[in-house]
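Quick notes on the structure that follows.
Below, chain A is the first sequence line, B the second, and so on; all start at residue 1. It should be emphasised that the depicted structure is a prediction, and the values quoted were computed from it without experimental measurement.
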2 protein chains.
Amino acid sequence: MTKTVPKSDTRIQKKNQALIMSAGLVVFSQFGFRGSTLDLVAQEAGLSKPNLLYYFRSKDAIYTALLAKTLTNWLEPLRKIDAKGDPVEELLGYAKRKLDMSQHYPRESRLFANEIIQGAPRIGDVLRGELRELVDETAVVINGWATAGRINKVDPYHLIFSIWAQTQHYADFDVQVRSVLGNIDPFDGAQYHLEAMLRGLLTPLVDQKGC
Amino acid sequence: MTKTVPKSDTRIQKKNQALIMSAGLVVFSQFGFRGSTLDLVAQEAGLSKPNLLYYFRSKDAIYTALLAKTLTNWLEPLRKIDAKGDPVEELLGYAKRKLDMSQHYPRESRLFANEIIQGAPRIGDVLRGELRELVDETAVVINGWATAGRINKVDPYHLIFSIWAQTQHYADFDVQVRSVLGNIDPFDGAQYHLEAMLRGLLTPLVDQKGC
DNA sequence: CCTTGTTTTTTCCAGTTGGTCAAATTGTTG
DNA sequence: CAACAATTTGACCAACTGGAAAAAACAAGG
(Lines give C-alpha, C1' and ligand atoms only; values in the text may rest on other atoms or scores of the structure.)
Protein backbone atom coordinates (compact mmCIF):
# COMPACT_ATOMS: atom_id res chain seq x y z
CA MET A 1 0.00 0.00 0.00
CA THR A 2 1.44 3.40 -0.96
CA LYS A 3 1.44 6.48 1.17
CA THR A 4 -2.15 7.64 1.52
CA VAL A 5 -3.27 11.20 1.43
CA PRO A 6 -6.94 11.87 2.20
CA LYS A 7 -9.09 11.46 -0.89
CA SER A 8 -12.52 12.47 0.30
CA ASP A 9 -12.93 16.10 1.31
CA THR A 10 -14.50 16.37 4.72
CA ARG A 11 -14.88 19.79 6.28
CA ILE A 12 -12.09 19.09 8.74
CA GLN A 13 -9.77 18.26 5.87
CA LYS A 14 -10.67 21.42 4.04
CA LYS A 15 -10.05 23.40 7.18
CA ASN A 16 -6.67 21.87 7.91
CA GLN A 17 -5.49 22.02 4.34
CA ALA A 18 -6.36 25.69 4.27
CA LEU A 19 -4.61 26.13 7.61
CA ILE A 20 -1.46 24.52 6.28
CA MET A 21 -1.51 26.53 3.07
CA SER A 22 -1.90 29.69 5.06
CA ALA A 23 0.95 28.78 7.39
CA GLY A 24 3.05 27.71 4.43
CA LEU A 25 2.48 31.07 2.82
CA VAL A 26 3.78 32.86 5.88
CA VAL A 27 6.90 30.73 6.12
CA PHE A 28 7.77 30.13 2.46
CA SER A 29 7.20 33.76 1.52
CA GLN A 30 9.73 34.83 4.08
CA PHE A 31 12.42 32.18 3.72
CA GLY A 32 11.92 30.65 0.28
CA PHE A 33 11.67 26.93 -0.24
CA ARG A 34 15.13 25.95 0.90
CA GLY A 35 15.19 28.29 3.85
CA SER A 36 11.90 27.00 5.22
CA THR A 37 11.40 23.97 7.41
CA LEU A 38 8.43 21.75 8.05
CA ASP A 39 8.81 22.46 11.74
CA LEU A 40 8.33 26.16 11.12
CA VAL A 41 5.26 25.55 8.99
CA ALA A 42 3.87 23.13 11.55
CA GLN A 43 4.40 25.58 14.37
CA GLU A 44 2.80 28.38 12.37
CA ALA A 45 -0.17 26.15 11.60
CA GLY A 46 -0.47 24.91 15.15
CA LEU A 47 -0.23 21.30 14.01
CA SER A 48 2.34 18.58 14.53
CA LYS A 49 4.80 17.86 11.77
CA PRO A 50 3.53 14.35 11.05
CA ASN A 51 0.08 15.80 10.89
CA LEU A 52 1.17 18.14 8.09
CA LEU A 53 2.41 15.11 6.23
CA TYR A 54 -0.93 13.45 6.65
CA TYR A 55 -2.47 16.16 4.51
CA PHE A 56 0.43 16.76 2.12
CA ARG A 57 2.81 14.16 0.76
CA SER A 58 5.89 16.29 1.35
CA LYS A 59 7.31 19.73 1.97
CA ASP A 60 7.53 20.02 -1.76
CA ALA A 61 3.85 19.23 -2.14
CA ILE A 62 2.85 22.05 0.20
CA TYR A 63 5.05 24.53 -1.59
CA THR A 64 3.94 23.47 -5.05
CA ALA A 65 0.27 23.56 -4.11
CA LEU A 66 0.80 27.01 -2.69
CA LEU A 67 2.49 28.31 -5.81
CA ALA A 68 -0.15 26.83 -8.10
CA LYS A 69 -3.00 28.23 -6.07
CA THR A 70 -1.53 31.70 -5.93
CA LEU A 71 -0.39 31.84 -9.51
CA THR A 72 -3.85 32.07 -11.00
CA ASN A 73 -4.86 35.02 -8.88
CA TRP A 74 -1.55 36.62 -9.59
CA LEU A 75 -1.99 36.67 -13.35
CA GLU A 76 -5.65 37.56 -13.34
CA PRO A 77 -5.31 41.36 -13.37
CA LEU A 78 -3.40 41.16 -16.63
CA ARG A 79 -6.25 39.22 -18.25
CA LYS A 80 -8.68 41.95 -17.31
CA ILE A 81 -7.11 44.50 -19.63
CA ASP A 82 -9.76 45.22 -22.21
CA ALA A 83 -8.66 46.02 -25.75
CA LYS A 84 -11.92 47.90 -26.27
CA GLY A 85 -11.55 50.18 -23.27
CA ASP A 86 -9.78 53.49 -23.04
CA PRO A 87 -6.05 52.72 -23.32
CA VAL A 88 -4.75 54.96 -20.58
CA GLU A 89 -7.54 54.04 -18.19
CA GLU A 90 -7.06 50.33 -18.88
CA LEU A 91 -3.36 50.48 -18.14
CA LEU A 92 -3.84 52.68 -15.11
CA GLY A 93 -6.51 50.29 -13.89
CA TYR A 94 -4.12 47.40 -14.31
CA ALA A 95 -1.42 49.19 -12.38
CA LYS A 96 -3.87 50.01 -9.62
CA ARG A 97 -5.04 46.42 -9.36
CA LYS A 98 -1.47 45.23 -9.10
CA LEU A 99 -0.70 47.82 -6.48
CA ASP A 100 -3.77 46.77 -4.51
CA MET A 101 -2.52 43.21 -4.58
CA SER A 102 0.84 44.32 -3.26
CA GLN A 103 -0.94 46.12 -0.48
CA HIS A 104 -3.35 43.38 0.47
CA TYR A 105 -1.41 40.25 -0.46
CA PRO A 106 2.24 41.10 0.09
CA ARG A 107 3.11 37.57 1.11
CA GLU A 108 1.94 36.16 -2.18
CA SER A 109 4.14 38.70 -3.91
CA ARG A 110 7.12 37.73 -1.82
CA LEU A 111 6.45 34.05 -2.40
CA PHE A 112 6.87 34.59 -6.13
CA ALA A 113 9.75 36.96 -5.66
CA ASN A 114 11.63 34.31 -3.71
CA GLU A 115 10.83 31.66 -6.26
CA ILE A 116 11.97 33.77 -9.19
CA ILE A 117 15.09 35.15 -7.56
CA GLN A 118 16.13 31.59 -6.87
CA GLY A 119 15.84 30.79 -10.54
CA ALA A 120 12.18 29.73 -10.70
CA PRO A 121 13.03 26.02 -10.50
CA ARG A 122 9.37 25.05 -10.18
CA ILE A 123 7.57 27.59 -12.29
CA GLY A 124 10.01 28.07 -15.12
CA ASP A 125 7.60 26.26 -17.42
CA VAL A 126 4.77 28.57 -16.50
CA LEU A 127 6.95 31.62 -17.11
CA ARG A 128 8.00 30.45 -20.53
CA GLY A 129 4.51 29.19 -21.36
CA GLU A 130 1.38 30.66 -19.90
CA LEU A 131 2.92 33.90 -18.71
CA ARG A 132 4.77 34.58 -21.90
CA GLU A 133 1.69 33.97 -24.04
CA LEU A 134 -0.37 36.24 -21.86
CA VAL A 135 2.18 39.01 -22.07
CA ASP A 136 2.50 38.53 -25.81
CA GLU A 137 -1.24 38.95 -26.22
CA THR A 138 -1.26 42.06 -24.08
CA ALA A 139 1.65 43.44 -26.05
CA VAL A 140 -0.39 43.10 -29.22
CA VAL A 141 -3.20 45.09 -27.65
CA ILE A 142 -0.85 47.81 -26.47
CA ASN A 143 0.85 48.01 -29.84
CA GLY A 144 -2.58 48.36 -31.42
CA TRP A 145 -3.34 51.33 -29.23
CA ALA A 146 -0.02 52.92 -30.11
CA THR A 147 -0.47 52.36 -33.82
CA ALA A 148 -3.88 53.97 -33.60
CA GLY A 149 -2.25 56.97 -31.98
CA ARG A 150 -4.25 56.59 -28.80
CA ILE A 151 -1.12 56.34 -26.66
CA ASN A 152 2.49 57.20 -27.28
CA LYS A 153 4.72 54.61 -28.88
CA VAL A 154 6.18 52.48 -26.10
CA ASP A 155 7.76 49.08 -25.82
CA PRO A 156 4.83 47.08 -24.44
CA TYR A 157 7.06 44.50 -22.77
CA HIS A 158 9.08 47.00 -20.84
CA LEU A 159 5.92 48.90 -20.03
CA ILE A 160 4.54 45.78 -18.40
CA PHE A 161 7.83 45.09 -16.65
CA SER A 162 7.86 48.59 -15.25
CA ILE A 163 4.37 48.17 -13.87
CA TRP A 164 5.29 44.85 -12.31
CA ALA A 165 8.47 46.28 -10.90
CA GLN A 166 6.96 49.36 -9.36
CA THR A 167 3.90 47.70 -7.88
CA GLN A 168 5.61 44.61 -6.52
CA HIS A 169 8.41 46.68 -5.10
CA TYR A 170 6.06 47.94 -2.41
CA ALA A 171 5.33 44.37 -1.31
CA ASP A 172 8.70 42.72 -1.78
CA PHE A 173 10.77 45.57 -0.38
CA ASP A 174 8.20 46.64 2.16
CA VAL A 175 10.76 46.76 4.95
CA GLN A 176 13.04 49.03 2.99
CA VAL A 177 10.27 51.32 1.84
CA ARG A 178 8.97 51.73 5.35
CA SER A 179 12.45 52.23 6.75
CA VAL A 180 12.88 55.19 4.45
CA LEU A 181 9.39 56.62 4.76
CA GLY A 182 9.04 56.22 8.51
CA ASN A 183 5.43 56.52 9.53
CA ILE A 184 4.05 57.62 6.20
CA ASP A 185 1.87 55.03 4.48
CA PRO A 186 3.60 54.01 1.25
CA PHE A 187 0.55 53.15 -0.77
CA ASP A 188 -1.14 56.52 -1.03
CA GLY A 189 1.87 58.20 -2.52
CA ALA A 190 2.71 55.14 -4.56
CA GLN A 191 -0.56 55.17 -6.40
CA TYR A 192 -0.39 58.85 -7.17
CA HIS A 193 3.20 58.61 -8.35
CA LEU A 194 2.58 55.55 -10.48
CA GLU A 195 -0.36 57.22 -12.14
CA ALA A 196 1.62 60.34 -12.89
CA MET A 197 4.44 58.30 -14.30
CA LEU A 198 2.21 56.26 -16.57
CA ARG A 199 0.25 59.26 -17.77
CA GLY A 200 3.45 61.10 -18.56
CA LEU A 201 4.66 58.16 -20.55
CA LEU A 202 1.48 57.21 -22.34
CA THR A 203 -0.48 60.36 -22.95
CA PRO A 204 0.20 61.78 -26.43
CA LEU A 205 1.65 65.26 -26.08
CA VAL A 206 -1.05 66.76 -28.21
CA ASP A 207 -3.58 65.78 -25.58
CA GLN A 208 -1.56 67.09 -22.68
CA LYS A 209 -1.46 70.70 -23.72
CA GLY A 210 -3.84 70.77 -26.63
CA CYS A 211 -1.24 71.97 -29.11
CA MET B 1 42.85 30.65 23.88
CA THR B 2 39.89 31.84 21.83
CA LYS B 3 39.13 30.86 18.26
CA THR B 4 41.75 32.40 16.03
CA VAL B 5 41.10 33.97 12.69
CA PRO B 6 44.15 35.13 10.73
CA LYS B 7 45.22 38.62 11.72
CA SER B 8 48.04 39.36 9.35
CA ASP B 9 47.13 39.61 5.67
CA THR B 10 49.35 37.43 3.56
CA ARG B 11 48.63 37.18 -0.14
CA ILE B 12 47.29 33.66 0.28
CA GLN B 13 44.82 34.94 2.83
CA LYS B 14 43.71 37.74 0.62
CA LYS B 15 43.24 35.30 -2.23
CA ASN B 16 41.23 32.80 -0.23
CA GLN B 17 39.12 35.40 1.51
CA ALA B 18 38.24 36.85 -1.86
CA LEU B 19 37.56 33.35 -3.15
CA ILE B 20 35.17 32.67 -0.28
CA MET B 21 33.40 35.98 -0.66
CA SER B 22 32.94 35.33 -4.33
CA ALA B 23 31.60 31.85 -3.71
CA GLY B 24 29.40 33.15 -0.93
CA LEU B 25 27.95 35.72 -3.28
CA VAL B 26 26.97 33.04 -5.75
CA VAL B 27 25.31 30.88 -3.14
CA PHE B 28 23.76 33.44 -0.80
CA SER B 29 22.37 35.52 -3.66
CA GLN B 30 20.52 32.51 -4.96
CA PHE B 31 19.27 30.90 -1.77
CA GLY B 32 19.33 33.60 0.86
CA PHE B 33 21.01 33.13 4.21
CA ARG B 34 18.84 30.35 5.55
CA GLY B 35 18.66 28.47 2.30
CA SER B 36 22.41 28.40 1.87
CA THR B 37 24.80 25.88 3.38
CA LEU B 38 28.48 26.03 4.16
CA ASP B 39 28.94 22.90 2.09
CA LEU B 40 27.58 24.69 -0.96
CA VAL B 41 29.82 27.68 -0.40
CA ALA B 42 32.82 25.44 0.18
CA GLN B 43 32.13 23.48 -2.98
CA GLU B 44 31.70 26.67 -4.99
CA ALA B 45 34.97 28.01 -3.58
CA GLY B 46 36.81 24.75 -4.08
CA LEU B 47 37.84 24.64 -0.43
CA SER B 48 36.98 22.31 2.39
CA LYS B 49 34.37 23.36 4.89
CA PRO B 50 36.76 23.54 7.85
CA ASN B 51 39.01 25.63 5.67
CA LEU B 52 36.24 28.17 5.17
CA LEU B 53 35.93 28.38 8.91
CA TYR B 54 39.62 29.03 9.20
CA TYR B 55 39.11 32.29 7.35
CA PHE B 56 35.69 33.22 8.71
CA ARG B 57 34.38 32.57 12.18
CA SER B 58 31.00 31.31 10.98
CA LYS B 59 28.50 31.13 8.18
CA ASP B 60 27.07 34.31 9.60
CA ALA B 61 30.43 36.03 9.38
CA ILE B 62 30.77 35.25 5.68
CA TYR B 63 27.30 36.53 4.96
CA THR B 64 27.68 39.66 7.03
CA ALA B 65 31.05 40.49 5.50
CA LEU B 66 29.53 40.03 2.08
CA LEU B 67 26.61 42.32 2.81
CA ALA B 68 28.82 44.99 4.29
CA LYS B 69 31.25 44.91 1.41
CA THR B 70 28.54 45.14 -1.19
CA LEU B 71 26.45 47.73 0.56
CA THR B 72 28.86 50.58 0.00
CA ASN B 73 29.05 50.05 -3.73
CA TRP B 74 25.32 49.64 -3.81
CA LEU B 75 24.59 53.04 -2.36
CA GLU B 76 27.31 54.91 -4.19
CA PRO B 77 25.36 55.86 -7.31
CA LEU B 78 22.88 57.74 -5.19
CA ARG B 79 25.68 59.81 -3.65
CA LYS B 80 26.81 60.86 -7.07
CA ILE B 81 23.69 62.86 -7.79
CA ASP B 82 24.88 66.43 -8.06
CA ALA B 83 22.57 69.19 -6.91
CA LYS B 84 24.36 71.60 -9.23
CA GLY B 85 23.91 69.52 -12.36
CA ASP B 86 21.03 69.50 -14.78
CA PRO B 87 18.13 67.90 -12.90
CA VAL B 88 16.82 65.62 -15.62
CA GLU B 89 20.29 64.53 -16.67
CA GLU B 90 21.30 63.88 -13.09
CA LEU B 91 18.31 61.65 -12.45
CA LEU B 92 18.65 59.93 -15.78
CA GLY B 93 22.30 59.34 -15.06
CA TYR B 94 21.43 57.86 -11.71
CA ALA B 95 18.91 55.51 -13.29
CA LYS B 96 21.44 54.47 -15.89
CA ARG B 97 24.08 53.75 -13.28
CA LYS B 98 21.63 51.62 -11.35
CA LEU B 99 20.61 49.78 -14.47
CA ASP B 100 24.25 49.15 -15.32
CA MET B 101 24.74 47.66 -11.89
CA SER B 102 21.77 45.37 -12.43
CA GLN B 103 23.31 44.27 -15.68
CA HIS B 104 26.84 43.76 -14.46
CA TYR B 105 26.28 42.83 -10.83
CA PRO B 106 22.97 40.99 -10.74
CA ARG B 107 24.08 38.75 -7.91
CA GLU B 108 24.72 41.68 -5.64
CA SER B 109 21.24 42.89 -6.40
CA ARG B 110 19.74 39.52 -5.61
CA LEU B 111 21.74 39.28 -2.42
CA PHE B 112 20.06 42.42 -1.15
CA ALA B 113 16.71 41.43 -2.53
CA ASN B 114 16.85 38.19 -0.57
CA GLU B 115 17.94 39.97 2.56
CA ILE B 116 15.20 42.57 2.37
CA ILE B 117 12.42 40.19 1.40
CA GLN B 118 13.29 38.15 4.43
CA GLY B 119 12.82 41.18 6.62
CA ALA B 120 16.32 42.64 6.53
CA PRO B 121 17.29 41.03 9.87
CA ARG B 122 20.93 42.08 9.47
CA ILE B 123 20.74 45.40 7.71
CA GLY B 124 17.62 46.88 9.23
CA ASP B 125 19.80 49.38 11.07
CA VAL B 126 21.47 50.49 7.86
CA LEU B 127 18.10 50.92 6.18
CA ARG B 128 16.73 53.05 8.97
CA GLY B 129 20.01 54.92 9.37
CA GLU B 130 22.46 55.47 6.58
CA LEU B 131 20.07 54.69 3.75
CA ARG B 132 17.29 56.79 5.09
CA GLU B 133 19.54 59.79 5.64
CA LEU B 134 20.94 59.48 2.17
CA VAL B 135 17.49 59.33 0.64
CA ASP B 136 16.34 62.23 2.75
CA GLU B 137 19.21 64.36 1.49
CA THR B 138 18.49 63.41 -2.08
CA ALA B 139 14.84 64.22 -1.56
CA VAL B 140 15.79 67.72 -0.50
CA VAL B 141 17.77 68.16 -3.69
CA ILE B 142 14.93 66.92 -5.85
CA ASN B 143 12.44 69.09 -4.05
CA GLY B 144 14.72 72.03 -4.67
CA TRP B 145 14.71 71.34 -8.38
CA ALA B 146 10.93 71.10 -8.38
CA THR B 147 10.48 74.31 -6.44
CA ALA B 148 12.74 76.07 -8.91
CA GLY B 149 10.50 74.80 -11.69
CA ARG B 150 13.29 72.86 -13.32
CA ILE B 151 11.38 69.60 -13.11
CA ASN B 152 7.76 68.79 -12.52
CA LYS B 153 6.51 68.45 -8.97
CA VAL B 154 7.01 64.85 -7.93
CA ASP B 155 7.24 62.95 -4.68
CA PRO B 156 11.01 62.48 -4.44
CA TYR B 157 10.74 59.37 -2.32
CA HIS B 158 8.48 57.53 -4.69
CA LEU B 159 10.57 58.74 -7.59
CA ILE B 160 13.58 57.08 -6.03
CA PHE B 161 11.60 53.96 -5.24
CA SER B 162 10.45 53.73 -8.82
CA ILE B 163 14.01 53.96 -10.09
CA TRP B 164 15.12 51.29 -7.67
CA ALA B 165 12.20 49.10 -8.57
CA GLN B 166 12.60 49.33 -12.30
CA THR B 167 16.35 48.93 -12.42
CA GLN B 168 16.64 46.16 -9.86
CA HIS B 169 13.75 44.30 -11.44
CA TYR B 170 16.00 43.39 -14.36
CA ALA B 171 18.51 41.76 -12.03
CA ASP B 172 16.23 40.22 -9.43
CA PHE B 173 13.62 38.92 -11.84
CA ASP B 174 16.07 38.18 -14.60
CA VAL B 175 14.67 34.70 -15.17
CA GLN B 176 11.16 36.03 -15.58
CA VAL B 177 12.17 38.87 -17.85
CA ARG B 178 14.12 36.55 -20.10
CA SER B 179 11.35 33.99 -20.13
CA VAL B 180 9.01 36.60 -21.52
CA LEU B 181 11.46 38.25 -23.90
CA GLY B 182 13.01 35.10 -25.29
CA ASN B 183 16.26 35.91 -27.02
CA ILE B 184 15.98 39.67 -26.93
CA ASP B 185 18.45 41.34 -24.61
CA PRO B 186 16.51 43.06 -21.84
CA PHE B 187 18.87 45.89 -21.14
CA ASP B 188 18.79 47.80 -24.39
CA GLY B 189 15.05 48.20 -24.28
CA ALA B 190 15.07 48.73 -20.55
CA GLN B 191 17.30 51.75 -20.72
CA TYR B 192 15.32 53.36 -23.48
CA HIS B 193 12.04 52.71 -21.73
CA LEU B 194 13.28 53.96 -18.38
CA GLU B 195 14.57 57.14 -19.92
CA ALA B 196 11.29 57.79 -21.70
CA MET B 197 9.39 57.17 -18.52
CA LEU B 198 11.50 59.51 -16.45
CA ARG B 199 11.51 62.25 -19.05
CA GLY B 200 7.75 62.04 -19.35
CA LEU B 201 7.43 62.37 -15.63
CA LEU B 202 10.03 65.02 -14.96
CA THR B 203 10.12 67.32 -17.94
CA PRO B 204 7.92 70.35 -17.43
CA LEU B 205 5.26 70.44 -20.12
CA VAL B 206 6.28 73.87 -21.26
CA ASP B 207 9.63 72.44 -22.30
CA GLN B 208 8.19 69.47 -24.08
CA LYS B 209 6.20 71.39 -26.65
CA GLY B 210 7.41 74.88 -26.12
CA CYS B 211 4.00 76.26 -25.27
C1' DC C 1 -21.28 -1.18 22.95
C1' DC C 2 -18.93 -2.55 18.72
C1' DT C 3 -17.10 -1.71 14.24
C1' DT C 4 -15.14 0.96 10.84
C1' DG C 5 -12.90 4.90 9.06
C1' DT C 6 -10.60 9.30 10.07
C1' DT C 7 -7.39 12.11 12.44
C1' DT C 8 -3.58 12.86 15.60
C1' DT C 9 0.37 11.78 18.26
C1' DT C 10 4.57 9.17 19.68
C1' DT C 11 8.56 7.24 18.39
C1' DC C 12 11.92 6.67 15.42
C1' DC C 13 15.50 7.14 11.58
C1' DA C 14 18.98 8.32 8.16
C1' DG C 15 20.95 12.32 6.12
C1' DT C 16 22.36 17.07 6.61
C1' DT C 17 23.86 21.11 9.06
C1' DG C 18 27.10 24.42 11.38
C1' DG C 19 30.93 23.94 13.83
C1' DT C 20 35.22 21.97 16.70
C1' DC C 21 39.72 20.04 17.22
C1' DA C 22 43.93 17.88 16.78
C1' DA C 23 46.91 16.22 13.52
C1' DA C 24 49.10 16.67 9.21
C1' DT C 25 50.81 19.47 5.62
C1' DT C 26 52.78 23.29 3.59
C1' DG C 27 55.08 27.74 3.41
C1' DT C 28 58.63 31.01 5.10
C1' DT C 29 62.71 32.71 7.01
C1' DG C 30 67.00 32.62 9.15
C1' DC D 1 67.89 22.50 6.14
C1' DA D 2 65.93 23.58 10.68
C1' DA D 3 62.43 25.87 13.11
C1' DC D 4 58.51 28.17 13.29
C1' DA D 5 54.23 29.92 11.64
C1' DA D 6 50.53 29.51 8.37
C1' DT D 7 47.35 26.51 6.12
C1' DT D 8 44.70 22.42 5.20
C1' DT D 9 42.54 18.18 6.20
C1' DG D 10 40.11 14.19 8.47
C1' DA D 11 37.47 12.69 12.09
C1' DC D 12 34.06 13.88 14.79
C1' DC D 13 29.75 15.92 17.16
C1' DA D 14 25.22 17.66 18.67
C1' DA D 15 21.30 19.71 16.72
C1' DC D 16 18.20 19.81 13.08
C1' DT D 17 15.95 18.08 8.81
C1' DG D 18 12.35 15.63 5.99
C1' DG D 19 9.98 11.79 6.43
C1' DA D 20 8.08 6.76 7.78
C1' DA D 21 5.48 3.67 10.76
C1' DA D 22 2.47 2.39 13.86
C1' DA D 23 -0.11 2.94 17.61
C1' DA D 24 -3.43 5.68 19.80
C1' DA D 25 -7.45 8.83 19.94
C1' DC D 26 -11.55 10.22 17.97
C1' DA D 27 -15.98 10.15 15.32
C1' DA D 28 -20.19 8.04 13.58
C1' DG D 29 -23.42 4.59 12.38
C1' DG D 30 -25.45 0.33 13.42
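Atom P of nucleotide C/dT7 and atom CG of A/L52 are separated by 15 Å, given to the nearest angstrom. Between the CG atom of A/L47 and the C1' atom of C/dT7 there is a distance of 11 Å, given to the nearest Å. Between the NZ atom of B/K14 and the P atom of D/dA6 there is a distance of 15 Å, rounded to whole Å. Rounded to a whole Å, the NZ atom of B/K49 is 19 Å from the C1' atom of D/dT7. One can place CG of A/L53 at 19 Å from P of C/dC12, the figure rounded to the nearest angstrom. Between the P atom of D/dG18 and the OH atom of A/Y55 lies a distance of 20 Å, rounded to the nearest Å. A straight line from OH of B/Y54 to C1' of C/dA23 spans 15 Å, rounded to a whole angstrom. Taking atom CZ of B/R57 as the reference point, atom P of C/dG19 lies 11 Å away to the nearest angstrom.
When heavy atoms are screened at a 4.0 angstrom cut-off, A/T37 is found touching the sugar-phosphate backbone but no base atom.
When distances are taken from the side chain of B/P50 to each of C/dT17, D/dT17, D/dA11, the shortest belongs to D/dA11. Looking at the side chain of A/K59, the nearest of the listed nucleotides D/dG19, C/dT7, D/dT8 is D/dG19.
Checking each of B/Y170, B/F187, B/Y192 against A/H158 for a ring-ring contact (aromatic ring centres under 6.0 Å, His included) leaves exactly one that passes, namely B/Y170.
Applying the 4.0 Å criterion to OP1 and OP2 of D/dG18, one finds that A/S58 has every side-chain N and O outside that range. In this model, the phosphate group of C/dT6 is not approached by any side-chain N or O of A/Q13 to a distance below 4.0 Å at OP1 or OP2.
Ranked by how close their nearest DNA chain D nucleotide is to the 5' end, B/N51 and B/R34 are led by B/N51. Summary of the strand contacts: B/I12 and B/L38 both lie near DNA chain C, and taking for each the nucleotide with the nearest heavy atom, the more 5' one is attributed to B/L38.
The closest side-chain heavy-atom distance from A/Y54 to A/N16 is not below 4.5 Å.
Remark: A/E44 does not engage A/K49 in a salt bridge, criterion side-chain N to carboxylate O under 4.0 Å. A salt bridge links A/E89 with A/R199: the closest approach of a Lys/Arg side-chain nitrogen to an acidic carboxylate oxygen falls below 4.0 angstrom.
Relative to the six-membered ring of A/Y63, A/R122 misses at least one condition, a distance below 6.0 Å or an angle of at most 45° to the axis.
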